[in-house]
Amino acid sequence: MTSILKVNQIQNTAGAAPTAADLGLNVTGSVVQVVVGTISSSTTTTSSSLVDTGLTASITPTSSSNKILVLATITGAGVANGSGVRMKLFRGSTDLGFISSTGTYSGSANAVHLEHGWSVSVLDTPSTTSSTTYKVQHSIATNGTVYISGGNSISSITLMEIAQ
């Protein structure tokens, strides 16, 4: 059995048209939308300049006053030949800061040293309603090779639009 409700107008208790807040939608602090990006294949670099890891996600904010909570987790990272690793988070070409930087590994010359996972959380204010891309870049501190993900580890970036 189906029912159909037809009305000409809905009003709040004051007799006015209800707002989104009256209906519990997009009230300050509520999550408007969530986007997740992942990589599960290995990426490597021997560059001392930052390069893309492939970990990226795009979101189109519904209001320019809303904020984006960015949660990025890098798993399965390692470094070969004894150098540190740098990770940075970007909104487009805007640098949102370091995720992490490790010191020099002092193991044998051809060893791969598995690092702990990295994670970052940033509450960003992109001030736009245009599609916005967030990404993680990485580089080697001085020499060697950086390995990200691969095998059973999955790195992810989660974007949550927070109503303001």
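- With a 4.5 Å cut-off on side-chain heavy atoms, P126 and I68 count as touching.
- For T94, the side-chain contact (heavy atoms from CB on, under 4.5 Å) partners are R91, L96, not counting sequence neighbours.
- Residue pairs meeting the salt bridge (Lys or Arg N to Asp or Glu O under 4.0 Å) criterion with at least one member in residues 25-43, sequence neighbours excluded, do not occur.
- Pairs of residues two or more places apart, or lying in two chains, that qualify as salt bridge (Lys or Arg N to Asp or Glu O under 4.0 Å) and include a residue from residues 125-148 are D52-K135.
- Panel note: side chain T125, backbone S127; no donor-acceptor pair is recorded below 3.5 Å.
- Looking at residues two or more places apart in sequence or on another chain, you find no salt bridge (charged side-chain N to carboxylate O under 4.0 Å, His left out) involving K67.
- Think of V36 as one node in a network of Ile, Leu, Val, Met, Phe, Trp and Tyr side chains linked at under 4.5 Å; its network also takes in V31, V34, L69, L71, L123, M160, I162.
- Screening residues 26-39 for salt bridge (Lys or Arg N to Asp or Glu O under 4.0 Å), with sequence neighbours left out, gives no hits.
- D95 contributes atom CG, which lies 8.0 Å from atom CG of L50 (distance to the nearest 0.5 angstrom).
- Separation of atoms CE (M87) and NE2 (H138) is listed at 6.5 Å; rounding is to 0.5 Å.
- Here the straight-line distance linking atom CG of D124 with atom CG of L159 works out to 9.5 Å at 0.5 Å rounding.
- When the side chain to side chain donor-acceptor pair (under 3.5 Å) test is applied to T44, no partner is found at least two apart in sequence or on another chain.
- Remark: T133 engages S58 in a side chain to side chain donor-acceptor pair (under 3.5 Å) (not counting sequence neighbours).
- Using modelled atom types, no side-chain atom of T45 and backbone atom of T43 make a donor-acceptor pair closer than 3.5 Å.
- Nearest heavy-atom pair across T62 and N66 is OG1-ND2, 3.5 Å.
- In the hydrophobic clustering (ILVMFWY side chains linked at under 4.5 Å, chained through shared members), I10 is joined by L5, V7.
- With values rounded to the nearest 0.5 angstrom, Y134 atom OH is found 8.5 Å from L89 atom CG.
- Side-chain atoms of S119 and I74, non-hydrogen and from C-beta on, never get closer than 4.5 Å to each other.
- Between the OG atom in S155 and the CD1 atom in I39 there is a gap of 4.5 Å [rounded to 0.5 Å].
- The heavy-atom pair separating T38 from S156 by the smallest distance is CG2-CB, 3.9 Å.
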- [ ] Let me see the working for Q33 and I59 under side chain to side chain contact (heavy atoms under 4.5 Å, CB included), right down to the final yes or no.
- [x] CA-CA 9 Å; Q33 63 175 314; I59 192 167; 3.7 Å; yes

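- Applying the salt bridge (Lys or Arg N to Asp or Glu O under 4.0 Å) rule to pairs touching residues 3-18 yields nothing, sequence neighbours excluded.
- Partners of Q164 under the side chain to side chain donor-acceptor pair (under 3.5 Å) rule, at least two apart in sequence or in another chain, do not exist in this structure.
- Taking S65 as the reference, S63 meet the side chain to side chain donor-acceptor pair (under 3.5 Å) condition, with sequence neighbours excluded.
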Task: Candidate pair V120 and V70, rule side chain to side chain contact (heavy atoms under 4.5 Å, CB included), full reasoning - done: CA-CA 8 Å; V120 66; V70 182; 5.8 Å; no

